[in-house]
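Before any comments, here is the structure.
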Amino acid sequence: MAKSNNLKYELVSTFRRLHAVVNRCKKLGETALDFETTSLSPASGRVRLVSLRNTKTRVLVDFDRIKGGFGKCARLFEGGTWIVFYSGFEGRWFRAAGADPMLYDVGFLRRAILGGGRFSLANMALWDLNIEMSKDEQASDWGSRLTRSQLDYAYFDAYVTWRLWRGWAKQADEGHWSAFHMLNDMVPAVIEMEDAGMLFDSEQHAKLVKDWYKIHRQKTKLIRGLVPTGEVANINSDSQWSDYFAARLPDTILSGWPRTEKTGQLSMKVETLRRLGAHFHGTPMQTFMDGLADYKKVSKYLSSFGESLITSANLAHDGRIHARYNIGAAKTLRFSSSGPNVQQTPRDFDLLGKFTSIRKSFVAPRGMRLVSLDYSGIELRVLALLSGDEQLLDDVVNGDVHAEVAAVVAGAPIDRTTRAGKAARQSAKGISFGIIYGSGAMGLAATMRTSVDRAQGYIDFWQDRYPDAFRLRYDMMDEVSRTRRIRMVEGGTVYMGKKPDLPKCANYPVQRAALSVMAMAIKRHKNSLDDCRWAEKQKRSRMLATIHDALIDEAATRDAKLLLKIMERDMIAGYLDIFPGAPTERLVEGGTGPSWGELN
DNA sequence: CGAGAACGCGCG
DNA sequence: AAAGCGCGCGTTCTCG
């Protein structure tokens, strides 16, 4: 790329000049800002360079040449509004230096307008400005004498950030700004959660893992007793198992065996293995297919939730698992979690007759408790509110949607106390989820393992009882046809491409509304905790995690019950922020306890 | 050898 | 035209 005048900048190396520049930025309004640091964390490094860019400012500051460095200057930035990419990074450095300036994350503006995503500054530069950013200097040494190329590189980030901000701000309307602030305002809470992490009981967990290895060995032995490596070389290879079964089983079985989408192999899902294995009832083939299913199950837990979690905890030196919570990562702006993804931590389950709880390994420290609440049935509730469906709202708040639907499926009212009644209700949940996910009769029939006719009957009933809720999807389809976007409850939009897609049109507004409710709750709850701590009460209370419709905190044991009430208040208030005047009965449920697996 | 596709599966 | 949503991550396997 050709060097242009855009890339000329002033190198600032005195406090006096910095002071003047920052003051002018504050007067002008928003200014793009970017750090180059000597390490990734304030605990082990320092801020070397700050680049600044707005309509009138083109500056690169070298803090190694200013007495006291960044630490002495950080508070100068308070009172301004600074545009950054991934504000969690700059925010931590400012906070470590005792400063708390207003940071706006340009990525959030893009997400508010198009609908989520995870991307780097280089991605945005390429997609939105058609600029290729080199990464050559990214990992270079920012601690010693800097080359011209390093200085240019450092300034270029602020230049790109500024252009991106200008571009997106130009097309943002009032609703987009509301979605932007919804995301931006969650940053302090997310920093708190990521820095806190969750204490992990590695000793306790190691016992679980040991049990899993034992089962793993047993099942390997069983499988290898029947199928030696000469026939299937890799026991973990689904495609090799597919070949194995395809060569040995009769067409009557193979014709009914589901195939994978891209390659057409026999699908090796655990559920499929068990279902088809039942066709060989009482034979060695069933023993074998069940054994393979067991093997796959325990392999999953070993590879995803075994030693890797222990390693995560040990890696962090405080024995805690520090997951990341990626704000607005999903198209609907839901969070994602990574490194590890604690949002996918298994619920308690039965492993070959043995009760197993991975969540019990996530514990509160001595003298403390975990505090957690979740919004119950939030998606059906917000669907009712978004669509103004009085019947659905009444059933969700005062009745039992799943029981109503189950009664139709059964042809008579169900008894929730019997095993059959519970199963019927559980199955009916699938119908309502199908509706929320925009399923047609085909998809619902496949999921529920019933006929298309029956599935259509369920959908018809649902539409008949909840007509307004059912119509929402078609209103959204219309909107997409006209605008290629869906306007979400808090004002943001999701770009839907050229073709309206029914399942997405049915689901996105619901998923987004649930996120918006949680976003309000998270912001309120962080403020509540800051207030508590400021008042020297609940000094040890912290936010730890958000699992989509749930929050987890940690508090001293004597504070736990009070914190639970505060959390409840904040979550209800967050819901009312999005749906003023909506009914709040039975909105949240949860409790406190010594671990994530034991909350009462 | 590394990157990416495909598949499967954990969660809400 | 295609039709249950959204994620992250582990493993295998192919491709260059």
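Each chain gets a letter, A, B and so on, in the order the sequences are listed, and its residues count up from 1.
- Panel note: side chain A:Ser242, backbone A:Asp238; no donor-acceptor pair is recorded below 3.5 Å.
- Counting non-hydrogen atoms under 4.0 angstrom, A:Gln240 reaches the backbone sugars and phosphates but no base.
- When rounded to the nearest whole Å, the span between NZ of A:Lys300 and P of C:dC9 equals 11 Å.
- Contact annotation for A:Arg118: backbone-only contact, meaning every heavy-atom pair under 4.0 Å involves sugar-phosphate atoms and none involves a base.
- In this structure, OG on A:Ser361 lies 5.0 Å from NE2 on A:His205, to the nearest 0.5 angstrom.
- With hydrogens and angles ignored, no donor-acceptor pair closer than 3.5 Å exists between the side chain of A:Arg347 and the base of B:dG10.
- Between A:Ser337 and C:dC7 there is no side-chain N or O to OP1 or OP2 distance below 4.0 Å.
- Nucleic acid contact for A:Arg512: none, since no nucleic acid atom lies under 4.0 Å from a heavy atom of the residue.
- Between the C1' atom of B:dG10 and the CH2 atom of A:Trp212 lies a distance of 11 Å, rounded to the nearest Å.
- Residue A:Arg259 contributes atom CZ, which lies 12 Å from atom P of B:dG8 at whole-angstrom precision.
- Counted by atom type alone, A:Thr332 and A:Gln511 present one or more donor-acceptor pairs between their side chains at under 3.5 Å.
- Rounded to an integer number of Å, the gap from A:Met496 CE to C:dA2 P is 17 Å.
- What separates CG of A:Asn234 from C1' of B:dA6 is a distance of 15 Å, to the nearest Å.
- Distance from the side chain of A:Gln344 is smallest for C:dG8 among the nucleotides C:dG6, C:dT11, C:dG8.
- Nearest to the side chain of A:Arg334, among C:dG6, C:dT12, C:dA3, sits C:dG6.
- Closest contact between the side chain of A:Gln511 and the listed nucleotides C:dG8, B:dC7, C:dC5 involves C:dC5.
- In this structure, A:Trp257 contributes its side chain and A:Ser267 its backbone to a donor-acceptor pair below 3.5 Å.
- Distance CZ (A:Phe119) to P (C:dC7): 13 Å, rounded to an integer number of Å.
- A:Phe335 comes within contact range of no nucleotide atom at all, as no heavy-atom separation falls under 4.0 Å.
- Within 4.0 Å (heavy atoms only), A:Gly115 reaches no atom of the nucleic acid at all.
- A:Ser267 comes within 4.0 angstrom of sugar-phosphate atoms only, judged by non-hydrogen atoms across all strands, and of no base.
- When each of C:dG8, C:dC7, C:dC5 is scored by its nearest atom to the side-chain atoms of A:Tyr437, the top-ranked nucleotide is C:dC5.
- Atom CG of A:Leu587 sits about 8.0 Å away from atom CG of A:Leu576, to the nearest 0.5 Å.
- Proximity of A:Ser239 to the phosphate of C:dC13: a side-chain N or O atom is located under 4.0 Å from OP1 or OP2.
- Checking B:dG12, C:dC7, C:dC5 against the side-chain heavy atoms of A:Asn507 singles out C:dC5 as nearest.
- Distance from the side chain of A:Val270 is smallest to B:dC9 among C:dC5, B:dC9, B:dG8.
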Test log, rule ring-ring contact (aromatic ring centres under 6.0 Å, His included), inputs A:Tyr301 and A:Phe349: CA-CA 11 Å; A:Tyr301 288 107; A:Phe349 58 102; 4.2 Å; yes
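- The phosphate of C:dA3 has neither OP1 nor OP2 within less than 4.0 Å of any side-chain N or O from A:Arg473.
- Side chain of A:Asp238, nearest nucleotide from C:dG8, C:dG10, B:dG8: B:dG8.
- Comparing C:dA1 with B:dG8, their P atoms are spaced 29 Å from each other, to the whole Å.
- Side-chain contact, A:Asn326 with A:Ser336: a donor N or O sits under 3.5 Å from an acceptor N or O.
- Ion pairing between A:Arg359 and A:Glu598 fails under the 4.0 Å rule for side-chain N and carboxylate O.
- The residue A:Gly116 sits apart from the nucleic acid: no heavy atom pair falls under 4.0 Å.
- Within 3.5 Å, no donor on the side chain of A:Lys504 pairs with an acceptor on the base of C:dC5, nor the reverse.
- Taking atom NZ of A:Lys262 as the reference point, atom P of B:dG8 lies 13 Å away to the nearest angstrom.
- Considering only side-chain N and O atoms, A:Lys297 lies under 4.0 angstrom from the phosphate OP1 or OP2 of B:dG10.
- Proximity of A:Thr260 to the phosphate of B:dC7: a side-chain N or O atom is located under 4.0 Å from OP1 or OP2.
- If you check B:dC9, C:dG10, C:dA3 against the side chain of A:Leu502, the one that comes closest is C:dA3.
- Counting any heavy atom pair closer than 4.0 Å across all strands shown, A:Thr345 reaches sugar-phosphate atoms only and no base atom.
- Listed nucleotides B:dC9, B:dG10, C:dC5 differ in distance to A:Pro503; the shortest reach to its side chain belongs to C:dC5.
- Of the listed nucleotides (C:dT11, C:dC7, B:dG12), C:dT11 has the atom at the smallest distance from the side chain of A:Asn236.
- Between A:His548 atom NE2 and B:dG10 atom P there is a gap of 15 Å when expressed in whole angstrom units.
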